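Below is one structure, written out as structure tokens, with a few remarks after it.
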Amino acid sequence: MDLKGKVAIITGARRGMGRTHALALAKAGAKVVVADISLEDCQKVVKEIEKNKGEALAVKCDVAKKEEVEEMVKKAVEKFGKVDILVNNAGICQFKPFLDLTEEEWDRTLNINLKGYFLCAQAAAKEMVKQKSGVIINIASVAMGQVGVGIPNIVHYCASKGGVVGMTEALAVELAPYNIRVNAISPGMIETPMIDPIKKDPKVAEAMLDRVPMKRVGKPEEVSNLVLFLASDASSYMTGSTVVIDGGWLAG
Ligand code: NAP
């Protein structure tokens, strides 16, 4: 996948899948904005990219804060001149029984996982419409609903990811006239710090893996390959799709 000349923003890119997406897009030739709450950690990812002769910029951005999101896009344009690709990846997954869940916890998850995607998509799309081209990739989850995966103790997370899929389809329709493609990726269990709470309880981990025909969790790089495909012209006729990458979980 050749992304030379493209500019990509990846949120939540200090670690986990966001980091591998940033590295993969940079390796494919894109200039990459590495955004997350910790600037210091973003700078480490930028150093990794630069070590591999790539170009990148670290930006501190809490995706739930409109001013910080707008500043992130502004910095991207100041440094690289435009925005071609947005990977809405930043997210949190708090494990808590529904009956104990507070309104504040619900709001925090929805503010980051759903409102954050809206804020970033809108700020990036305002740049993309100027050039009449762009790609937005929203990271959802198999916990998005309607696919037979109901996971207890993360009701707010599931609600946010269902919202991401709905938003992806609506945005794809609204932004198609501007030649902006919008797709979502729904990963199953992927080896990142986000699944540490699952791994801490061997019984839960075993029960979850039991549902996955490939009997292993995915690697972040395996999801990055899909990000690369959706970011590139190889997927030029795809918009409004949600692509599942789950080791066969939904098929099993
Ligand atoms: P991760 O390692 O926890 O990475 C998420 C990143 O997002 C972290 O660096 C986190 O920073 C950052 N972040 C959290 N809140 C933020 C905010 N308000 N603004 C900016 N950045 C923020 O998790 P991951 O597994 O790579 O998750 C990436 C995406 O994949 C998420 O959307 C997640 O829901 C989705 N996903 C993951 C899995 C999985 O099994 N791992 C499966 C399906 C979908 P802090 O660490 O400081 O909070």
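Each ligand, and each atom within it, is numbered from 1 in the order the structure gives. Just so you know, these numbers come straight off a predicted model, no measurement behind them. The figures that follow rest on heavy atoms only: side chains count, while hydrogens, waters and symmetry mates do not.
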For Tyr178, does the OH atom have more than 12 heavy-atom neighbours from other residues, nucleotides or ligands under 6.0 Å away? no
Nearest protein heavy-atom contact for atom 16 (C) of ligand 1: which residue, which atom, what distance? Ile37 CD1, 3.5 Å
For residues 162-177, which side-chain donor-acceptor pairs fall under 3.5 Å, sequence neighbours excluded?
| residue | atom | partner | partner atom | Å |
| --- | --- | --- | --- | --- |
| Thr168 | OG1 | Asn138 | ND2 | 3.0 |
| Thr168 | OG1 | Val164 | O | 2.7 |

Are Cys61 and ligand 1 in contact, using a heavy-atom cut-off of under 4.0 Å? yes
Residue, atom name and distance, where the atom is the protein heavy atom closest to atom 18 (N) of ligand 1: Asp62 OD1, 2.9 Å
Determine, considering heavy atoms only, which of Ile198, Ile190, Val223, Asp196 sits nearest to atom 39 (C) of ligand 1. Ile190
Hey, is Val63 touching ligand 1 through its side chain, its backbone, both or neither, going by heavy atoms under 4.0 Å? both
Starting from atom 26 (O) of ligand 1, what is the nearest protein heavy atom, named by residue and atom, and what distance separates them? Met17 N, 2.8 Å
In this structure, atom 43 (C) of ligand 1 is nearest to the protein heavy atom Pro187 O, 3.4 Å
Taking the non-hydrogen atoms of Ala140, is any one of them nearer than 4.0 angstrom to ligand 1? yes
Under 4.0 Å, counting heavy atoms only: does Cys93 come that close to any atom of ligand 1? no
Please list the nearest protein heavy atom to atom 4 (O) of ligand 1 with its residue and the distance rounded to 0.1 Å. Arg15 NE, 3.9 Å
Out of Lys199, Arg216, Lys219, which one pairs with Glu191 under the side chain to side chain donor-acceptor pair (under 3.5 Å) rule? Lys199
Any heavy atom of Gly188 closer to ligand 1 than 4.0 angstrom? yes
Identity and distance of the protein heavy atom lying nearest atom 31 (C) of ligand 1: Asn89 O, 3.1 Å
Can you tell me if Thr11 has a non-hydrogen atom under 4.0 Å from ligand 1? no
Are there more than 12 heavy atoms of other residues, nucleotides or ligands under 6.0 Å from atom NZ of Lys82? yes
Between Met189 and ligand 1, find which residue part has any heavy-atom pair under 4.0 Å and reply side chain, backbone, both or neither. backbone
Are there over 12 heavy-atom neighbours, none belonging to Lys60, within less than 6.0 Å of that residue's NZ? yes
Around atom 46 (O) of ligand 1, find the nearest protein heavy atom and jot down its residue, atom name and distance. Arg14 NH2, 2.6 Å
Just to be sure I read this right, does ligand 1 sit under 4.0 Å from the backbone of Glu191, its side chain, both, or neither, counting only heavy atoms? neither
Residue, atom name and distance, where the atom is the protein heavy atom closest to atom 11 (O) of ligand 1: Asp36 OD1, 3.4 Å
Below 4.0 Å from any atom of ligand 1, is there a heavy atom belonging to Arg19? no
